[in-house]
Amino acid sequence: MRVSILSALTLLFRALASAAPAPVPQEAVSTTTLPDGATTVLPVVASTNTSVASDQLDDLASFAADYTNSTFNEASSKQKRGGCTLSNLSIRREWGTLSATEQEAYTKAALCLQAKQAKTPSSLIPGAKSRFDDFVGTHINQTMTIHYTGTFLAWHRYFTWSYEQALRNECGYTGTQPYWNWGKTAETGVESSPIFDGSATSMSGNGAYVAGEGNVVLGGNGLPDLLLPRGSGGGCVTSGPFKDMKVNLGPVSLGLTNGTSESNGDGLSYNPRCLKRDLTTAVNQKYANATAIVNQILKPKDVYDFQMTMQGYPGSGNIGVHGGGHYTIGGDPGRDLFVSPGDPVFYLHHGMIDRTWWIWQTLDIQERTGAQGISGTGTFLDSPPSANTTLDTVIDLGYAAGPPVTMRDLMSTTSGPFCYIYL
Ligand SMILES: *[C@@H]1O[C@H](CO)[C@@H](O)[C@H](O)[C@H]1NC(C)=O
Ligand SMILES: *[C@@H]1O[C@H](CO)[C@@H](O)[C@H](O)[C@H]1NC(C)=O
Ligand SMILES: *[C@@H]1O[C@H](CO)[C@@H](O)[C@H](O)[C@H]1NC(C)=O
Ligand SMILES: *[C@@H]1O[C@H](CO)[C@@H](O)[C@H](O)[C@H]1NC(C)=O
Ligand SMILES: *[C@@H]1O[C@H](CO)[C@@H](O)[C@H](O)[C@H]1NC(C)=O
Ligand SMILES: *[C@@H]1O[C@H](CO)[C@@H](O)[C@H](O)[C@H]1NC(C)=O
Ligand SMILES: *[C@@H]1O[C@H](CO)[C@@H](O)[C@H](O)[C@H]1NC(C)=O
Ligand SMILES: [Cu+2]
């Protein structure tokens, strides 16, 4: 592997800065120095006790926030950041820490996007009826070039941010994009969590219980089958802010609970139906518990491993925290890779995906926000083969949002179009 001059300098600097390293592997912690000289102690191994792992995740997130904050005091990184300053740095928070007023403002803004006219011409996507659908349509259109590709993380970062901007600029929302900490719902059970409890301050609850459903079967393409249990719902969402919303697009590749899948062609025609969920705590606990999240952050040493672990190495039997979140929601469009942004909770899930990436990037910031922070090509598992994704690869969100930007501008949450961190 090529080592850039910059990362060589970083390594040298670190070696000098830690002239007397403490022998700590037994305690499974390491001491890290922030740009402003402060030091912090971080875990190096995920605890198998999910309650301890949950604290480890908090420590890692605090480190990332402190680290980002301290770079604002460093002259050298200021020019790279353009206009992002400490005074306009926005902070994304976990759903359960928002006030009831903030939670309701968020869902009200999402309903507002669902009531606003689409920008996508109906000649291109006849089923896109609302501004909310512009985002779903863009995701459907690009699904095969944004998952298991070099653009996966950055594309979804830009997509989620653009949705947040639409809520703010087109629907008067004044807050930031909240996220879903999967580790918390794995502990409490998904159904009773503030996100999914069906109250007026939730993201709506479960689908109505549908009897007689079987497993969700993943696999195909010669891979061994992976069975996921059905959840506690399956039918239409009956409570909370989104109980009357219509899913207009899809399905394209909707996994059903009898081993088959359903599609409506390219999914771009008008197909209004209720939002369905099949909340599945067992999937959350198995694939996206706090230990899995901390492992996701601590184990991968390069972005190839990071993004493959997150999406699940095909055939490994593990669907990763990304798949874990999607299949915890279940239902329609929750189990449809193409149409999943048709459930508004998608953006809380991808907020957490992005938070996880942000923390991982901060652990080796130069390397992981630069060219070495990209791996993969422009097509799903490089099939059909396509060019490597680079810092110059352009991301275009079509009618959902603009402008097209290069990967270079999407690698840091505090430069390019972005100016946010997570707590
Ligand atoms: C996990 O850790 C918590 C907090 O330290 C402790 O109370 C609990 O007993 C541990 N659980 C197990 C199964 O060891
Ligand atoms: C960020 O750093 C500034 C000093 O530069 C400090 O005043 C502020 O409290 C810090 N904010 C956070 C969230 O740590
Ligand atoms: C932050 O504020 C500065 C001026 O205070 C402005 O130039 C810049 O565009 C803002 N950045 C963002 C990302 O809002
Ligand atoms: C699977 O379930 C769907 C939807 O309930 C149904 O239309 C289809 O016939 C079922 N397929 C099989 C093979 O049971
Ligand atoms: C947490 O997730 C990991 C990875 O998916 C899994 O191996 C482990 O069994 C899970 N832990 C618990 C307590 O379910
Ligand atoms: C694309 O990336 C792969 C893996 O990093 C590398 O082996 C290959 O040489 C690259 N191809 C080009 C054309 O740069
Ligand atoms: C779908 O993607 C293609 C590029 O892959 C683009 O040319 C086309 O405009 C997109 N359609 C919509 C409606 O965004
Ligand atoms: Cu996606």
Side-chain angles (χ1 to χ4, degrees), residues 7 10-11 13-15 17-71 91-94 96-97 153 179-188 284-313 318 320-322 324-325 351-369 372-373 412-413 421-423:
S7 62
T10 308
L11 289 172
F13 173 79
R14 285 209 189 128
S18 54
V24 286
Q26 293 301 339
E27 288 77 25
V29 293
S30 71
T31 303
T32 302
T33 306
L34 304 183
D36 64 4
T39 59
T40 188
V41 173
L42 292 177
V44 295
V45 175
S47 171
T48 54
N49 179 327
T50 53
S51 150
V52 175
S54 180
D55 292 342
Q56 292 180 318
L57 177 59
D58 289 347
D59 290 345
L60 287 162
S62 299
F63 156 74
D66 288 347
Y67 190 100
T68 310
N69 191 11
S70 73
T71 63
I91 298 179
R92 294 182 174 178
R93 297 172 196 279
E94 194 269 321
T97 68
L153 293 161
Y179 66 89
W180 165 21
N181 183 344
W182 319 294
K184 283 195 189 297
T185 52
E187 290 299 296
T188 63
N284 189 169
Q285 289 173 338
K286 184 158 184 188
Y287 301 106
N289 61 57
T291 301
I293 303 167
V294 174
N295 270 325
Q296 172 68 50
I297 292 168
L298 294 180
K299 277 190 174 165
K301 298 304 172 203
D302 60 45
V303 70
Y304 172 79
D305 192 24
F306 181 79
Q307 67 198 17
M308 289 303 281
T309 301
M310 181 172 255
Q311 296 166 100
Y313 281 93
N318 191 334
V321 294
H322 174 252
M352 183 66 182
I353 294 285
D354 186 52
R355 177 177 184 246
T356 306
W357 184 30
W358 165 72
I359 296 171
W360 183 79
Q361 285 187 299
T362 306
L363 290 171
D364 191 354
I365 195 91
Q366 257 78 26
E367 193 86 353
R368 295 175 183 180
T369 58
Q372 303 292 330
S412 162
T413 67
I421 59 169
Y422 293 87
L423 277 190

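We number each residue from 1, following the sequence as shown.
Formation of a donor-acceptor pair under 3.5 Å by the Gln56 side chain with backbone atoms of Val294 is not found in this model. Between the side chain of Ser54 and the backbone N or O of Thr50 there is no donor-acceptor pair closer than 3.5 Å. Within the 3.5 Å criterion, the main-chain N or O of Gly325 finds no donor-acceptor partner in the side chain of Trp180. Under a 3.5 Å cut-off, the side chain of Thr291 and the backbone N or O of Ser47 do form a donor-acceptor pair.
The closest side-chain heavy-atom distance from Leu153 to Gln307 is below 4.5 Å. Using a 4.5 Å heavy-atom cutoff, the side chains of Met352 and Ile293 are in contact. A heavy-atom distance below 4.5 Å is found between the side chains of Leu42 and Leu363. Proximity of Thr309 to Asn295: side-chain heavy atoms (C-beta onward) are nowhere separated by under 4.5 Å. When side chains are defined from C-beta on, Phe63 does not count as touching Ile359, because their heavy atoms never get closer than 4.5 Å. Residues Asp36 and Asn69 form no side-chain contact, since every pair of their non-hydrogen atoms from C-beta on lies 4.5 Å or further apart. When side chains are defined from C-beta on, Thr356 counts as touching Phe306, because their heavy atoms get closer than 4.5 Å. The side-chain heavy atoms of Asp66 and Leu34, taken from C-beta on, include a pair separated by under 4.5 Å.
Put simply, CG on Asn318 and CE on Met310 are 12.0 Å apart, with the number rounded to the nearest 0.5 Å. Separation of atoms CD (Glu187) and CG (Asn284) is listed at 9.5 Å; rounding is to 0.5 Å. Rounded to the nearest 0.5 angstrom, Gln285 CD and Thr185 OG1 are separated by 9.0 Å. Taking CZ from Arg355 and CG from Leu60, the interatomic distance works out to 9.5 Å, rounded to the nearest 0.5 Å. In this structure, the separation between CH2 on Trp182 and NE2 on His322 is 8.5 Å, given to the nearest 0.5 Å. Rounding to the nearest 0.5 angstrom, the gap separating the NZ atom in Lys299 from the CG atom in Asp305 is 9.5 Å.
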Between Leu423 and Thr97, does a side-chain contact (heavy atoms from CB on, under 4.5 Å) hold up when you go through it step by step?
-> CA-CA 10 Å; Leu423 277 190; Thr97 68; over 6 Å; no
Can you list the steps and then say if Glu94 with Lys184 is a side-chain contact (heavy atoms from CB on, under 4.5 Å)?
-> CA-CA 10 Å; Glu94 194 269 321; Lys184 283 195 189 297; 3.6 Å; yes
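Scanning all heavy atoms of the two residues, the minimum distance from Tyr179 to Gly351 falls at CB-C, 3.8 Å. Residues Trp360 and Gln296 share a closest heavy-atom pair of CD1-O, 4.2 Å.
Taking a 6.0 Å sphere around OH of Tyr313, one finds it holds more than 12 heavy atoms contributed by other residues, nucleotides or ligands.
In this pair, Trp358 and Tyr422 present their aromatic rings tilted. The plane angle is within the 30 to 60° band.
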